[in-house]
Amino acid sequence: ATITTATACAASAEPFGNARQFEAIKRFRSQLALGETPLVGIGVQLADPTSTDALCDSSDFLWFDQEHTPLSPEMLKWHIMVAHGRGTPAIVRVPGPNVVGDGSRPWGTWIKHALDSNADGVVVPQ
């Protein structure tokens, strides 16, 4: 008998699609709440989203720092899409209130971009 892709995916215990993203953040929050095991997060500073793909298997979450690295909102979106496709939560640190980047984006716009890109968490520096 031939097994179709849909049947194979349905038979798999591993979530796929959006379910993978939501399972990943639920698992991450549970681990944080337990506080028993240290979580390992890797900071991604490269613009190429293949770096995110390569790091997903080595980390409990990925950290994208827009305050200290020149990662554009457009590239951030691609990185987050790759992380979610691999089932890895994506946390974004936005620039602080005293940093306006290139001067064309008000501070709150960075937070909006991170949320619109579907970040699992946003860190706002002092």
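Along the sequence shown, residues are numbered consecutively beginning with 1.
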Heavy-atom side-chain proximity of Val44 to Leu55 below 4.5 angstrom
yes
With heavy-atom distances below 4.5 Å as the criterion, would you say the side chains of Thr37 and Gln31 are in contact?
no
Can you check whether Thr52 reaches Cys56 side chain to side chain, under 4.5 Å on heavy atoms?
yes
CG/Asp48 to CH2/Trp78 distance, rounded to the nearest 0.5 angstrom?
12.0 Å
Compare all side-chain heavy atoms of Asp65 with those of Leu71 and state whether any distance is below 4.5 angstrom.
no
Which heavy atom of Ser58 sits nearest to which heavy atom of Val40, and what is that distance?
O-CG1, 4.3 Å
Measure the spacing between CZ of Arg29 and CG of Asp120 and express it to the nearest 0.5 Å.
7.5 Å
To the nearest 0.5 Å, tell me how far Gln66 CD sits from His113 NE2.
8.5 Å
How long is the span from the CZ atom in Phe64 to the NZ atom in Lys77, to the nearest 0.5 Å?
14.5 Å
Looking at Leu46 and His79, what are the two nearest heavy atoms and their distance?
O-NE2, 3.1 Å
Can you tell me how far CH2 of Trp63 sits from CD1 of Ile42, rounded to the nearest 0.5 angstrom?
14.0 Å
Minimum-distance pair of heavy atoms, taken over all atoms of Thr88 and Ala24:
N-CB, 4.2 Å
Where Asp60 and Pro89 come nearest, the two heavy atoms and their spacing:
O-CD, 3.3 Å
Would you say Asp57 and Arg86 make side-chain contact, with heavy atoms under 4.5 Å?
yes
Rounded at 0.5 Å granularity, tell me how far CZ in Phe22 sits from NE2 in His84.
8.5 Å
Closest non-hydrogen atom pair, Leu62 against Ala83:
CD1-CB, 4.2 Å
